[in-house]
Amino acid sequence: MKSRTLRRVCVSAVTVAALSSVAACGGSGGTSGSGKNGDRSPAAAAVALSPVAALKKVQTKSGSVHSAKVESTMVMGTTMSMTMSGAMDWTDGMTGDVSITYTGGTMGEAMAKMGGDGTMRALYLKDAYYMNMGDAFASALGGKHWLRYAYADLAALTGASGDAAQNQIKNSTPQEGVKALLASGDVKKVGEENIRSVATTHYSGVVDVAALTARSGGLDAAQLQELKEQLDAAGVKTERVDVWVDEDDLLVKKTERGESAAGAIDSTIFYSDYGTPVSVRAPAPGDTADFKEIAGQAAKTAS
């Protein structure tokens, strides 16, 4: 029974964390831009620009800055509710160091049953995702605190949810969040708003996966197909995306609300301190267990 519980918690924790923590990458407050453009307001900066043109500038600028501090909250059906904070870098693939706390849902309950407090540290490297679930969980892994989860194993071990997680990990940068809104084909400028004392312009749109066409937001065919596959893998049919952009054409806040295969999704992301240094190294091998091996052993024991 203990082996079955271990396997279930391992699979659920790593898959949901890989999917939800990156989907919910948010910012840690404070000022958001990497620089200032005098007293130019978001409204003045966006003059004569359509919402689509303005967001394309955001997509380009966010892609050139490469890193930011993040803070987020997310609810995914009855599966979990969580908060996350840390820093992410997307210079060459996704790397990051974040703290995740599960505050409810079946994930929170599973963590409690294993003796954890719901908080874990997660590291993202180019080839793998590492998760430290604390001393209580380490006692079930021969004293090893870290689980290594190779992205290459994700889909093979967990099916569609693994595909979704892998796509989220690869496509979780600020500019990718703007891409979803551009794809809606019906982006609207809502108005000017202050977010955490930062002057921003608010844009909104509804993404209908079935209605996505080449005309949507000026995306090319390859970008559109990639977005469709990402949303399909997560079981998303429609979602509303809102973004708040500062005077430097950088994302300050993003919200996503919709239905997925795991239930209703409601996420809020804040980005700040663009250009912040991010240094991530893999944990010591002697303190790391491989998720694929653990899941395989647990499956044999349970069968």
Are any of the side-chain heavy atoms of [X] and [Y] separated by less than 4.5 Å?
X	Y	answer
Val243	His202	no
Lys253	Ile269	no
Trp244	Glu193	yes
Thr200	Val252	yes
Val245	Tyr203	yes

About how many Å separate [atom2] of [Y] and [atom1] of [X], when rounded to the nearest 0.5 Å?
X	Y	atom1	atom2	answer
Leu123	Thr288	CG	OG1	9.5 Å
Leu55	Thr60	CG	OG1	11.0 Å
Thr83	Met74	OG1	CE	13.0 Å
Met120	Met84	CE	CE	12.5 Å
Met82	Ser72	CE	OG	4.5 Å
Trp146	Met131	CH2	CE	10.0 Å

[X] versus [Y], closest heavy-atom pair with distance:
X	Y	result
Gly275	Val65	N-CG1, 3.5 Å
Ser99	Thr119	OG-CG2, 3.9 Å
Ser204	Leu181	C-CD1, 3.6 Å
Tyr274	Leu251	OH-O, 2.7 Å
Tyr271	Ala68	CD2-CB, 4.4 Å

Can you tell me if [X] uses its side chain to pair, donor with acceptor, with the backbone of [Y] under 3.5 Å?
X	Y	answer
Thr95	Leu125	no
Asp135	Ala138	no
Trp90	Ser62	yes
Ser64	Lys61	yes
Asp248	Leu250	no

Considering only NZ, NE, NH1 and NH2 on the basic side and carboxylate oxygens on the acidic side, decide whether [X] and [Y] come within less than 4.0 Å.
X	Y	value
Asp266	Arg257	yes
Arg148	Asp127	yes
Asp97	Arg121	yes

task: Apply side chain to side chain contact (heavy atoms under 4.5 Å, CB included) to Lys126 and Asp92, showing your working.
output: CA-CA 8 Å; Lys126 290 183 181 180; Asp92 181 18; 2.8 Å; yes
* **Transitive ILVMFWY side-chain link Val206 to Val52, under 4.5 Å** =>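 No, it is not one cluster - the side chains of Val206 and Val52 are not joined through contacts under 4.5 Å.
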Kindly work out whether a path of hydrophobic side-chain contacts (I/L/V/M/F/W/Y, heavy atoms less than 4.5 Å apart) joins Met94 to Leu147.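 Same hydrophobic cluster.
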Problem - ring-ring contact (aromatic ring centres under 6.0 Å, His included) between Tyr129 and Tyr149, intermediate numbers included - result: CA-CA 5 Å; Tyr129 168 88; Tyr149 200 85; 7.3 Å; no
Tell me yes or no: between the side chains of [X] and [Y], is some donor less than 3.5 Å from an acceptor?
X	Y	result
Thr201	Glu192	yes
Ser67	Thr276	no
Asp89	His66	no
Thr103	Ser81	yes

Please lay out, stage by stage, how His145 and Asp287 fare under the test side chain to side chain donor-acceptor pair (under 3.5 Å). CA-CA 6 Å; His145 292 81; Asp287 197 26; 3.0 Å; yes
Open item on the list: Could you go through Gln59 and Leu182, starting from their C-alpha distance and side-chain angles, then the distance that decides it, and tell me whether this counts as side chain to side chain contact (heavy atoms under 4.5 Å, CB included)?
Closed with: CA-CA 10 Å; Gln59 192 175 28; Leu182 284 169; 3.4 Å; yes
